[in-house]
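Reading through the C-alpha coordinates given below for one structure.
Side chains included, hydrogens not; waters and symmetry mates left out as well; all remaining heavy atoms used. Being a predicted model, the structure only gives us computed values, none of them experimental.
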Amino acid sequence: GAGVSQTPSNKVTEKGKYVELRCDPISGHTALYWYRQSLGQGPEFLIYFQGTGAADDSGLPNDRFFAVRPEGSVSTLKIQRTERGDSAVYLCASSLTGVAGELFFGEGSRLTVL
Amino acid sequence: KQEVTQIPAALSVPEGENLVLNCSFTDSAIYNLQWFRQDPGKGLTSLLLIQSSQREQTSGRLNASLDKSSGRSTLYIAASQPGDSATYLCAVGGAYNQGGKLIFGQGTELSVKP
(Lines give C-alpha, C1' and ligand atoms only; values in the text may rest on other atoms or scores of the structure.)
Protein backbone atom coordinates (compact mmCIF):
# COMPACT_ATOMS: atom_id res chain seq x y z
CA GLY A 1 0.00 0.00 0.00
CA ALA A 2 0.91 3.66 -0.15
CA GLY A 3 1.49 3.97 3.56
CA VAL A 4 1.36 2.02 6.82
CA SER A 5 -2.23 1.17 7.62
CA GLN A 6 -3.49 0.39 11.13
CA THR A 7 -6.88 -0.90 12.22
CA PRO A 8 -8.93 -0.18 14.19
CA SER A 9 -8.17 3.51 14.59
CA ASN A 10 -10.01 3.49 17.90
CA LYS A 11 -10.83 0.62 20.23
CA VAL A 12 -12.72 0.85 23.51
CA THR A 13 -12.82 -2.28 25.61
CA GLU A 14 -13.50 -3.40 29.14
CA LYS A 15 -10.89 -4.47 31.64
CA GLY A 16 -10.09 -8.15 31.26
CA LYS A 17 -11.04 -8.42 27.58
CA TYR A 18 -8.82 -9.60 24.71
CA VAL A 19 -7.81 -7.14 21.98
CA GLU A 20 -6.15 -7.45 18.57
CA LEU A 21 -4.59 -4.55 16.70
CA ARG A 22 -3.60 -4.91 13.06
CA CYS A 23 -0.81 -3.33 11.04
CA ASP A 24 -0.38 -3.47 7.27
CA PRO A 25 3.11 -2.16 6.39
CA ILE A 26 4.30 -0.50 3.21
CA SER A 27 4.53 -3.09 0.45
CA GLY A 28 8.03 -4.52 0.19
CA HIS A 29 9.18 -3.38 3.62
CA THR A 30 10.78 -6.30 5.43
CA ALA A 31 11.08 -4.69 8.86
CA LEU A 32 8.07 -3.91 11.06
CA TYR A 33 7.96 -2.29 14.49
CA TRP A 34 5.38 -1.76 17.20
CA TYR A 35 5.59 1.19 19.57
CA ARG A 36 3.30 2.40 22.36
CA GLN A 37 2.68 6.06 23.09
CA SER A 38 1.07 7.31 26.28
CA LEU A 39 -0.39 10.79 26.50
CA GLY A 40 2.28 13.48 26.53
CA GLN A 41 5.11 11.00 26.07
CA GLY A 42 7.30 9.88 23.23
CA PRO A 43 6.71 6.43 21.72
CA GLU A 44 8.23 3.43 23.49
CA PHE A 45 9.56 0.43 21.59
CA LEU A 46 7.66 -2.85 21.97
CA ILE A 47 8.81 -5.34 19.32
CA TYR A 48 10.63 -5.53 15.98
CA PHE A 49 10.07 -8.08 13.19
CA GLN A 50 12.51 -8.87 10.42
CA GLY A 51 10.44 -10.90 7.96
CA THR A 52 8.32 -13.37 9.88
CA GLY A 53 10.45 -13.59 12.99
CA ALA A 54 10.58 -11.34 16.03
CA ALA A 55 14.14 -10.02 16.01
CA ASP A 56 13.74 -8.13 19.27
CA ASP A 57 10.77 -8.33 21.67
CA SER A 58 12.53 -6.77 24.63
CA GLY A 59 10.02 -3.93 24.88
CA LEU A 60 6.94 -6.05 25.47
CA PRO A 61 5.89 -5.13 29.03
CA ASN A 62 4.71 -8.60 30.13
CA ASP A 63 3.39 -11.91 28.85
CA ARG A 64 -0.09 -10.50 28.23
CA PHE A 65 1.35 -8.88 25.12
CA PHE A 66 2.14 -10.92 22.01
CA ALA A 67 2.66 -10.10 18.34
CA VAL A 68 2.80 -12.16 15.17
CA ARG A 69 3.68 -11.63 11.55
CA PRO A 70 3.03 -15.06 9.99
CA GLU A 71 3.62 -14.22 6.32
CA GLY A 72 6.14 -11.43 6.70
CA SER A 73 3.68 -8.69 5.85
CA VAL A 74 0.66 -7.93 8.06
CA SER A 75 1.27 -8.01 11.79
CA THR A 76 -1.16 -8.37 14.69
CA LEU A 77 -0.50 -7.15 18.23
CA LYS A 78 -2.49 -9.17 20.74
CA ILE A 79 -3.23 -8.09 24.29
CA GLN A 80 -4.80 -10.52 26.73
CA ARG A 81 -6.65 -9.66 29.94
CA THR A 82 -6.44 -5.95 29.24
CA GLU A 83 -5.80 -3.53 32.11
CA ARG A 84 -6.55 0.18 32.40
CA GLY A 85 -2.83 0.87 32.23
CA ASP A 86 -2.74 -0.58 28.71
CA SER A 87 -4.66 2.46 27.45
CA ALA A 88 -2.42 4.22 24.92
CA VAL A 89 -1.89 4.76 21.22
CA TYR A 90 -0.23 1.75 19.60
CA LEU A 91 1.90 2.79 16.65
CA CYS A 92 3.20 0.57 13.90
CA ALA A 93 6.12 1.46 11.65
CA SER A 94 7.91 -0.21 8.77
CA SER A 95 11.21 0.25 7.01
CA LEU A 96 12.66 -1.13 3.81
CA THR A 97 15.26 -3.29 5.54
CA GLY A 98 16.26 -4.12 9.07
CA VAL A 99 19.24 -1.83 8.78
CA ALA A 100 18.79 1.34 10.81
CA GLY A 101 17.13 3.68 8.36
CA GLU A 102 14.07 5.80 7.87
CA LEU A 103 10.93 4.59 9.61
CA PHE A 104 7.46 5.17 8.24
CA PHE A 105 4.71 5.26 10.85
CA GLY A 106 1.00 4.55 10.66
CA GLU A 107 -1.55 6.78 12.36
CA GLY A 108 -1.92 4.45 15.29
CA SER A 109 -4.64 2.54 17.09
CA ARG A 110 -5.96 4.33 20.16
CA LEU A 111 -6.85 1.76 22.82
CA THR A 112 -9.01 2.73 25.78
CA VAL A 113 -9.56 0.18 28.54
CA LEU A 114 -12.47 1.04 30.81
CA LYS B 1 20.55 3.01 29.55
CA GLN B 2 20.01 5.59 26.82
CA GLU B 3 17.87 8.57 27.79
CA VAL B 4 16.69 11.28 25.42
CA THR B 5 15.60 14.70 26.64
CA GLN B 6 13.99 17.49 24.67
CA ILE B 7 13.93 21.10 25.73
CA PRO B 8 11.71 23.06 25.81
CA ALA B 9 8.60 20.93 26.36
CA ALA B 10 6.49 23.62 24.71
CA LEU B 11 7.24 26.68 22.64
CA SER B 12 5.04 29.44 21.25
CA VAL B 13 6.40 31.88 18.68
CA PRO B 14 4.99 34.46 16.26
CA GLU B 15 4.94 33.62 12.59
CA GLY B 16 8.19 34.35 10.74
CA GLU B 17 10.57 33.69 13.61
CA ASN B 18 13.53 31.38 13.29
CA LEU B 19 13.63 28.84 16.10
CA VAL B 20 15.74 26.04 17.54
CA LEU B 21 14.56 22.85 19.22
CA ASN B 22 17.02 20.95 21.38
CA CYS B 23 17.59 17.25 21.92
CA SER B 24 20.16 15.64 24.20
CA PHE B 25 21.06 11.99 24.77
CA THR B 26 23.10 10.34 27.49
CA ASP B 27 24.95 7.63 25.51
CA SER B 28 26.97 8.94 22.57
CA ALA B 29 27.26 5.46 21.01
CA ILE B 30 24.37 6.01 18.62
CA TYR B 31 23.95 4.77 15.06
CA ASN B 32 21.68 7.55 13.88
CA LEU B 33 19.26 10.24 15.01
CA GLN B 34 15.89 11.12 13.54
CA TRP B 35 13.57 14.07 13.92
CA PHE B 36 9.86 13.44 13.54
CA ARG B 37 6.77 15.62 13.42
CA GLN B 38 3.49 14.54 15.00
CA ASP B 39 0.19 16.33 14.44
CA PRO B 40 -2.56 15.90 17.07
CA GLY B 41 -4.14 12.46 16.86
CA LYS B 42 -1.86 11.41 14.03
CA GLY B 43 1.15 9.21 13.51
CA LEU B 44 4.75 10.35 13.11
CA THR B 45 6.22 11.83 9.96
CA SER B 46 9.96 11.55 9.46
CA LEU B 47 11.59 14.93 8.86
CA LEU B 48 15.33 14.33 8.87
CA LEU B 49 17.61 11.34 9.43
CA ILE B 50 21.23 11.95 10.43
CA GLN B 51 23.71 9.09 10.40
CA SER B 52 26.28 9.06 13.20
CA SER B 53 29.05 9.96 10.74
CA GLN B 54 27.20 13.08 9.59
CA ARG B 55 27.11 16.53 11.19
CA GLU B 56 23.90 17.86 9.70
CA GLN B 57 21.03 17.35 7.29
CA THR B 58 18.85 19.91 5.56
CA SER B 59 15.41 19.76 4.03
CA GLY B 60 13.76 22.97 2.91
CA ARG B 61 13.40 25.28 5.90
CA LEU B 62 14.62 22.58 8.30
CA ASN B 63 18.19 21.94 9.35
CA ALA B 64 19.22 19.33 11.89
CA SER B 65 22.68 19.14 13.39
CA LEU B 66 24.34 16.36 15.35
CA ASP B 67 27.21 16.58 17.84
CA LYS B 68 27.64 12.99 18.90
CA SER B 69 30.48 13.57 21.31
CA SER B 70 28.48 16.03 23.37
CA GLY B 71 25.25 14.09 23.02
CA ARG B 72 23.28 16.87 21.36
CA SER B 73 21.17 17.58 18.31
CA THR B 74 19.30 20.68 17.29
CA LEU B 75 16.48 21.19 14.83
CA TYR B 76 16.49 24.65 13.28
CA ILE B 77 13.29 25.89 11.64
CA ALA B 78 13.63 28.99 9.50
CA ALA B 79 10.85 31.51 8.91
CA SER B 80 8.27 29.58 10.93
CA GLN B 81 4.68 29.29 9.66
CA PRO B 82 1.40 28.42 11.43
CA GLY B 83 1.45 25.12 9.53
CA ASP B 84 4.61 24.19 11.43
CA SER B 85 2.54 23.89 14.61
CA ALA B 86 2.93 20.30 15.83
CA THR B 87 4.91 18.20 18.29
CA TYR B 88 8.49 17.55 17.26
CA LEU B 89 10.14 14.35 18.45
CA CYS B 90 13.79 13.40 18.47
CA ALA B 91 14.79 9.72 18.48
CA VAL B 92 18.13 7.91 18.56
CA GLY B 93 19.02 4.52 17.09
CA GLY B 94 21.50 2.55 19.16
CA ALA B 95 23.23 0.17 16.80
CA TYR B 96 23.35 -1.07 13.22
CA ASN B 97 21.79 -4.38 14.12
CA GLN B 98 19.01 -2.82 16.18
CA GLY B 99 17.23 -1.64 13.07
CA GLY B 100 14.49 0.81 13.90
CA LYS B 101 14.59 0.31 17.64
CA LEU B 102 14.52 3.95 18.57
CA ILE B 103 14.62 5.74 21.90
CA PHE B 104 12.40 8.81 21.79
CA GLY B 105 12.38 12.05 23.70
CA GLN B 106 9.13 13.41 25.09
CA GLY B 107 8.80 15.96 22.32
CA THR B 108 8.53 19.71 21.99
CA GLU B 109 5.06 21.07 21.31
CA LEU B 110 5.41 23.99 18.94
CA SER B 111 2.75 26.61 18.33
CA VAL B 112 3.31 29.24 15.64
CA LYS B 113 0.89 32.16 15.96
CA PRO B 114 -0.28 34.03 12.84
Toward chain B, the part of Ser9(A) with a non-hydrogen atom under 4.5 Å: neither
Which atom of Arg110(A) lies closest to which atom of Gly41(B), heavy atoms considered: NH2-CA, 4.5 Å
Greatest number of heavy atom pairs closer than 4.5 Å to chain B - which of Gly42(A), Gly108(A), Pro43(A): Pro43(A)
Chain B contact via Tyr35(A) - which portion, at a heavy-atom distance below 4.5 Å: side chain
Nearest heavy atoms of Gln34(B) and Leu103(A), plus distance in Å: OE1-N, 3.8 Å
Interatomic spacing from CD1 in Ile47(A) to NZ in Lys101(B) - rounded to 0.5 Å: 11.0 Å
Flag if over 12 foreign heavy atoms under 6.0 Å of CZ, Phe66(A): no
Structural part of Glu109(B) lying under 4.5 Å from a heavy atom of chain A: neither
Value rounded to 0.5 Å, distance of OG1 in Thr45(B) from CZ in Phe104(A): 10.0 Å
Counterpart residues, salt bridge (charged side-chain N to carboxylate O under 4.0 Å, His left out), relative to Glu107(A) (two or more places apart): Lys42(B)
Region of Leu44(B) in contact with chain A, defined by heavy-atom distances below 4.5 Å: both
hydrophobic_cluster_shared for Ile77(B) and Val13(B), side chain cutoff 4.5 Å: yes
Single-linkage hydrophobic cluster Ile26(A)~Phe49(A), side-chain heavy atoms < 4.5 angstrom: no
Shared hydrophobic cluster, Leu46(A) / Val4(A) (ILVMFWY, side-chain heavy atoms < 4.5 Å): no
CG (Leu39(A)) with more than 12 external heavy atoms under 6.0 Å: no
Heavy-atom proximity to chain B below 4.5 Å, by part of Glu44(A): neither
Salt bridge (charged side-chain N to carboxylate O under 4.0 Å, His left out) contacts in which one or both residues fall within residues 55-69 of chain B, not counting sequence neighbours: Arg61(B)-Asp84(B)
